[in-house]
*Asks:* 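Before I ask anything, here is the structure I am working with.
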Amino acid sequence: MQKVLGLSFLFSCLVLLFFSRYSNRVPLILGSGLQTNDIDLVLNRKNCMETVVKIIGENIPSIQALNLSNNRLFQLNDLAELVKQAPGLKQLNLSKNELKSERELEKIKDFRLEELWLQENPMCENFHAHNLYVSAVRQRFPRLIRLDGLELPPPITFDVPSPTMLPAVKDGYFPNEEIRALIQRFIQQYISVYDSGDRQGLLNAYHENSCCSISIPNSAQNPVKSNLAEYVKDSRNIKKLKDPVMRQKLLKHSRLCIVAFLNELPNTLHDPNSFLVDVHTHMPTMLSFTLNGVFKETEGKYQGSIRAFSRVFITVPAENGGLCIVNDKLFVRMASGEEIRRAFVTPAPTPSSSPVPTLLPPQQDMLHSFSLQSGMNLEWSQKCLQDNDWDFIKAAQVFQKLQVRFVESRDSNNSFI
């Protein structure tokens with residue numbers, strides 16, 4: 001008949017067992033060895049496990065292998081203390097116990113285990129596929145080489161011995177100056193027409209078989225309350241929209257449908273100083289880039305509201321060297337406080353011997369609008385407006401006269417730019 005021991009006597013027995021059996025290479029087995037000596041060691045009891053952890057910490061802290069299989073363990077709270085006592089443990093056998101959830105492994109995830117056995121625990125039945133089981137375990141033990149005796153693919157680790165300086169963040173990316181000039185010309189013309197109030201002029205920007213979509217964030221916040229109500233019905237956020245029929249319906253096809261759709265969106269005024277461009281694909285037959293920035297709505301219920309946007313253009317070369325859009329994906333969200341603070345702020349003038357007048361808010365709006373529609377930078381746009389006494393129509397007429405030759409020589413049937 002097995003006898004249940006007092007803690008002091010149990011302590012002495014365990015010490016003798018440890019020193020008689022322990023080596024760095026052979027797993028220390030708790031349970032079977034004691035049972036053959038008529039000792040009933042119930043490791044699922046808190047005081048017994050605490051005693052075992054204490055003995056290991058005081059006598060063999062360099063232990064590398066431990067076998068706790070078949071001990072009716074249903075939780076690992078007390079075993080977690082062993083992480084501090086024996087940090088070099090690499091092999092742990094917890095098979096044939098009563099662990100019901102993989103969440104128990106969170107308590108011992110600080111072990112740098114290379115081998116682990118968990119088979120014949122109820123938790124193993126929680127996974128419908130073996131790869132999910134392996135993934136859940138390896139998430140806790142990324143250095144694991146063997147699981148349940150089976151070899152695993154080499155783990156992906158990032159052992160960085162010292163802090164590494166990351167490259168400085170760049171304000172956008174262009175592969176070369178030629179691509180930069182091409183994209184900047186395209187953006188100036190596209191946004192100028194988009195903000196003009198009549199987007200019919202964008203027809204030449206799109207390929208006959210192009211497609212377009214718009215989406216807003218999939219957040220818990222009510223889009224109506226977040227002032228994005230104008231975009232809700234057309235949003236094609238596939239994380240939220242599961243119906244394949246609706247996904248297809250909200251994808252706009254052909255340039256006629258796309259421009260008709262764009263004309264239904266609120267009128268806008270973009271801030272060119274907020275633009276950030278990243279080119280992600282550059283080939284002779286295709287150019288793909290993302291335009292980020294902010295704009296404000298200029299009419300309707302939410303007039304003056306500032307939005308942040310990210311727009312992905314996939315373009316192909318046009319016949320006269322311009323760009324033609326084949327895919328246009330627009331993402332609109334509420335602008336952050338910092339984005340709102342920096343939006344539509346005229347750059348500070350450079351130091352000068354003569355005083356530079358501060359522009360009033362209406363003049364700032366007129367300046368940005370004129371810059372977008374003319375394609376000129378803010379400095380030349382401001383000079384043109386000032387020379388014409390801030391008369392927008394008069395300044396536009398003067399600019400158009402100077403652009404007659406360019407307009408007449410442009411082949412508008414072949415491309416947008």
Side-chain angles (χ1 to χ4, degrees), residues 182-216 228-238 241 243-270 275 277 281 283 285-293 295-302 307 309-332 369 372-375 400 403 406-417:
L182 178 65
I183 291 178
Q184 287 180 340
R185 267 200 322 272
F186 171 85
I187 291 174
Q188 285 177 349
Q189 284 197 308
Y190 185 95
I191 297 300
S192 175
V193 178
Y194 192 92
D195 285 348
S196 68
D198 181 8
R199 294 168 182 156
Q200 202 65 23
L202 294 175
L203 273 173
N204 290 324
Y206 289 89
H207 190 274
E208 182 61 35
N209 299 315
S210 54
C211 60
C212 173
S213 65
I214 186 173
S215 62
I216 60 174
L228 292 174
E230 296 291 336
Y231 307 92
V232 175
K233 63 182 178 64
D234 297 304
S235 177
R236 193 176 177 267
N237 189 325
I238 59 176
L241 189 64
D243 184 357
V245 176
M246 284 302 299
R247 286 184 179 183
Q248 181 66 22
K249 183 178 180 180
L250 291 175
L251 188 61
K252 315 301 179 186
H253 292 275
S254 83
R255 64 178 186 172
L256 290 175
C257 292
I258 291 173
V259 174
F261 162 67
L262 295 179
N263 272 319
E264 294 176 358
L265 297 178
N267 285 344
T268 57
L269 177 63
H270 287 71
F275 289 173
V277 178
T281 305
M283 299 187 296
T285 57
M286 185 181 74
L287 179 61
S288 175
F289 58 93
T290 300
L291 172 64
N292 301 283
F295 66 81
K296 66 179 176 182
E297 296 183 10
T298 57
E299 66 173 10
K301 181 179 179 180
Y302 301 108
R307 323 289 192 193
F309 75 94
S310 179
R311 197 157 194 165
V312 180
F313 291 106
I314 299 178
T315 66
V316 295
E319 292 181 2
N320 71 342
L323 297 177
C324 185
I325 304 170
V326 294
N327 193 297
D328 175 12
K329 184 171 66 174
L330 173 62
F331 178 79
V332 179
S369 180
L372 287 171
Q373 294 191 37
S374 65
Q400 287 174 354
Q403 292 291 84
F406 171 76
V407 173
E408 291 178 345
S409 64
R410 185 177 63 189
D411 185 359
S412 62
N413 292 323
N414 290 332
S415 75
F416 187 61
I417 66 172

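Please read these numbers as outputs of a predicted model, since none were measured by experiment.
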*Asks:* Verify side-chain contact (heavy atoms from CB on, under 4.5 Å) between Asp234 and Lys252, making sure each step is shown before the conclusion.
*Replies:* CA-CA 10 Å; Asp234 297 304; Lys252 315 301 179 186; 4.0 Å; yes
*Asks:* For residues 243-251, tabulate all N or O donor-acceptor pairs below 3.5 Å that involve a side-chain atom, not counting sequence neighbours.
*Replies:*
{"unit_1": "Asp243", "atom_1": "OD1", "unit_2": "Val245", "atom_2": "N", "d": "3.0"}
{"unit_1": "Arg247", "atom_1": "NE", "unit_2": "Leu241", "atom_2": "O", "d": "2.7"}
{"unit_1": "Arg247", "atom_1": "NH2", "unit_2": "Ile238", "atom_2": "O", "d": "2.9"}
{"unit_1": "Arg247", "atom_1": "NH2", "unit_2": "Leu241", "atom_2": "O", "d": "3.0"}

*Asks:* Compare every heavy atom of Ser213 with every heavy atom of Arg236, then report the nearest pair and how far apart it is.
*Replies:*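 In terms of heavy atoms, the two residues are closest at CD-CB, 4.0 Å.
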*Asks:* So do Ile258 and Ile325 actually touch side chain to side chain, heavy atoms under 4.5 Å?
*Replies:* no
*Asks:* Of all the heavy-atom pairs spanning Val259 and Leu202, show the shortest one and how long it is.
*Replies:*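 Nearest pair, atom of Val259 first, then Leu202: CG2-C, 4.0 Å.
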*Asks:* Report yes if the side chains of Leu203 and Leu256 come closer than 4.5 Å at any heavy-atom pair, otherwise no.
*Replies:* yes
*Asks:* Give every residue pair that meets the salt bridge (charged side-chain N to carboxylate O under 4.0 Å, His left out) criterion with at least one member in residues 190-210, sequence neighbours excluded.
*Replies:* Glu208-Arg255
*Asks:* Going by the angle between their ring planes, with limits at 30° and 60°, are Tyr190 and Phe313 parallel, tilted or perpendicular?
*Replies:* perpendicular
*Asks:* Leu269 versus Ser369: any side-chain heavy-atom pair under 4.5 Å?
*Replies:*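 Counting from C-beta outward, Leu269 and Ser369 do come under 4.5 Å.
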*Asks:* Applying side-chain contact (heavy atoms from CB on, under 4.5 Å) to Glu230 and Leu265, what does each step give before you reach the verdict?
*Replies:* CA-CA 7 Å; Glu230 296 291 336; Leu265 297 178; over 6 Å; no
*Asks:* Parallel under 30°, tilted from 30 to 60°, perpendicular over 60°: which one fits the rings of Phe275 and Phe309?
*Replies:*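 Ring orientation, 0 to 90° scale: perpendicular.
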*Asks:* Does a side-chain heavy-atom distance below 4.5 Å link Val232 with Ile216?
*Replies:*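 In contact.
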*Asks:* Please test Thr315 against Phe289 for side-chain contact (heavy atoms from CB on, under 4.5 Å), starting from the C-alpha separation and ending with a verdict.
*Replies:* CA-CA 9 Å; Thr315 66; Phe289 58 93; 4.2 Å; yes
